[in-house]
Amino acid sequence: MTGLGLHLGLYLVTDSGLAERAGHTLPDLVAAAVAGGVTTVQVREKERPAGDFLRTVMEVGEVVPEGVTLLVNDRVDVYLAAREQGAPVAGVHVGQEDLPAVLVRQLIGPQAVLGLSAAHPEQLAAAAASPARVDYVGIGVLRATDTKPDAPAPLGIEGMRERAARSALPAVAIGGIKVQDAAALAGSALSGVAVVSGICAAADPRAAAAAYAEVWK
């Protein structure tokens with residue numbers, strides 16, 4: 001856990017398409033994953049229009065219990081709208097090609113969580129030095145993954161451990177992370193591991209989350 005009610009340990013990044021193909025609605029999948037040990041949920045709906053994205057955030061917000069951090073991917077407008085409607089959203093996660101972090105901080109305010117993707121050492125240094133007060137970084141990718149085809153080159157286990165050790169900010173690893181990868185990364189400088197398909201595509205998302213939580217603790 002970090003400040004601001006940010007619980008990075010087991011970090012679920014949602015993919016509603018994977019969830020639906022596995023036979024789950026996204027709220028049901030999130031509820032099961034949280035019951036299995038997920039501590040942060042980032043709602044990511046890159047292909048959905050803003051209205052659909054907002055409805056999804058509101059629906060997920062209804063099943064996320066107190067103590068679990070709920071974040072919105074990329075869309076500051078969706079985060080602000082969800083917050084205005086009373087959803088328990090804690091903040092946003094943005095990438096290097098999204099709105100500048102300084103501007104995002106101005107829009108979301110000083111109390112919200114701001115996460116930033118940072119793949120390279122210079123990006124990690126810039127995030128730590130940013131006047132935006134970035135709260136954590138997402139480092140990727142560990143492995144090549146179909147859920148993010150524009151991702152940088154895979155780092156592998158040792159590369160991820162080395163990159164995390166360079167970060168002055170709390171960091172989560174992302175990118176095709178399997179349970180055995182989470183086990184190999186436990187005890188490193190990372191504050192958490194972010195999982196997409198390992199949970200979203202699982203027939204039993206609660207059991208899948210529990211398997212990650214068991215090795216990460």
Side-chain angles (χ1 to χ4, degrees), residues 1-14 30 33-34 36-44 64-73 88-96 101 104-105 108 111-130 132-143 145 148 151-152 154-196 198-199 208-217:
M1 179 176 173
T2 70
L4 299 170
L6 180 57
H7 306 73
L8 290 173
L10 181 53
Y11 185 127
L12 171 65
V13 181
T14 68
V30 169
V34 167
V38 162
T39 57
T40 288
V41 177
Q42 180 196 130
V43 182
R44 184 169 74 181
V64 172
E66 186 175 354
V68 173
T69 305
L70 179 58
L71 303 173
V72 174
N73 176 261
V89 285
V92 296
H93 183 95
V94 296
Q96 293 289 324
V104 173
R105 173 58 72 195
I108 66 177
Q111 301 305 315
V113 171
L114 174 55
L116 178 65
S117 297
H120 307 297
E122 58 271 22
Q123 293 174 345
L124 292 171
S130 174
R133 204 204 75 233
V134 174
D135 296 301
Y136 75 93
V137 290
I139 301 177
V141 293
L142 179 73
R143 301 177 183 276
T145 170
K148 195 168 177 60
L155 292 167
I157 296 292
E158 291 309 312
M160 181 64 75
R161 293 176 71 96
E162 183 275 334
R163 199 62 53 89
R166 288 174 174 253
S167 177
L169 295 171
V172 296
I174 192 168
I177 294 177
K178 305 178 186 301
V179 171
Q180 59 266 34
D181 299 324
L185 292 170
S188 69
L190 290 162
S191 295
V193 287
V195 180
V196 187
I199 294 175
Y212 281 99
E214 177 64 25
V215 299
W216 185 253
K217 72 180 182 182

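To the nearest 0.5 Å, atom CG of residue Leu155 and atom CD1 of residue Ile174 are 12.5 Å apart. From Thr40, atom OG1 reaches atom CG of Leu71 across 6.0 Å, with rounding to the nearest 0.5 Å. In this structure, Arg133 CZ and Leu169 CG are separated by 10.5 Å, a value rounded to the nearest 0.5 Å. The structure places CG of Asn73 at 4.5 Å from CD of Gln42, a figure rounded to the nearest 0.5 Å. With rounding to the nearest 0.5 Å, the separation of CG in Leu185 from CD in Glu158 is 9.0 Å. Of the inter-residue distances, the one linking Trp216 atom CH2 with Leu8 atom CG reads 10.0 Å to the nearest 0.5 angstrom.
When all heavy atoms are compared, the tightest approach of Gly176 to Asp181 is O-OD2, 3.7 Å. What you find for Leu70 and Pro88 is that their closest heavy atoms are CB-O, 3.6 Å. Among all heavy-atom pairs drawn from Thr69 and Ala90, the shortest one is CG2-CB, 3.8 Å.
Annotation: side chain to side chain contact (heavy atoms under 4.5 Å, CB included) contacts of Val179 (sequence neighbours excluded): Ala211, Tyr212, Val215. Shown here are the side-chain hydrogen bond (donor to acceptor under 3.5 Å, both in side chains) partners of Gln96, two or more places apart in sequence or in another chain: there are none. Applying the side chain to side chain contact (heavy atoms under 4.5 Å, CB included) test to Ala213 and every residue at least two apart in sequence or in another chain returns Leu10.
The aromatic rings of Tyr11 and His93 sit perpendicular to each other, their planes meeting at more than 60°, with 30° as the lower class boundary.
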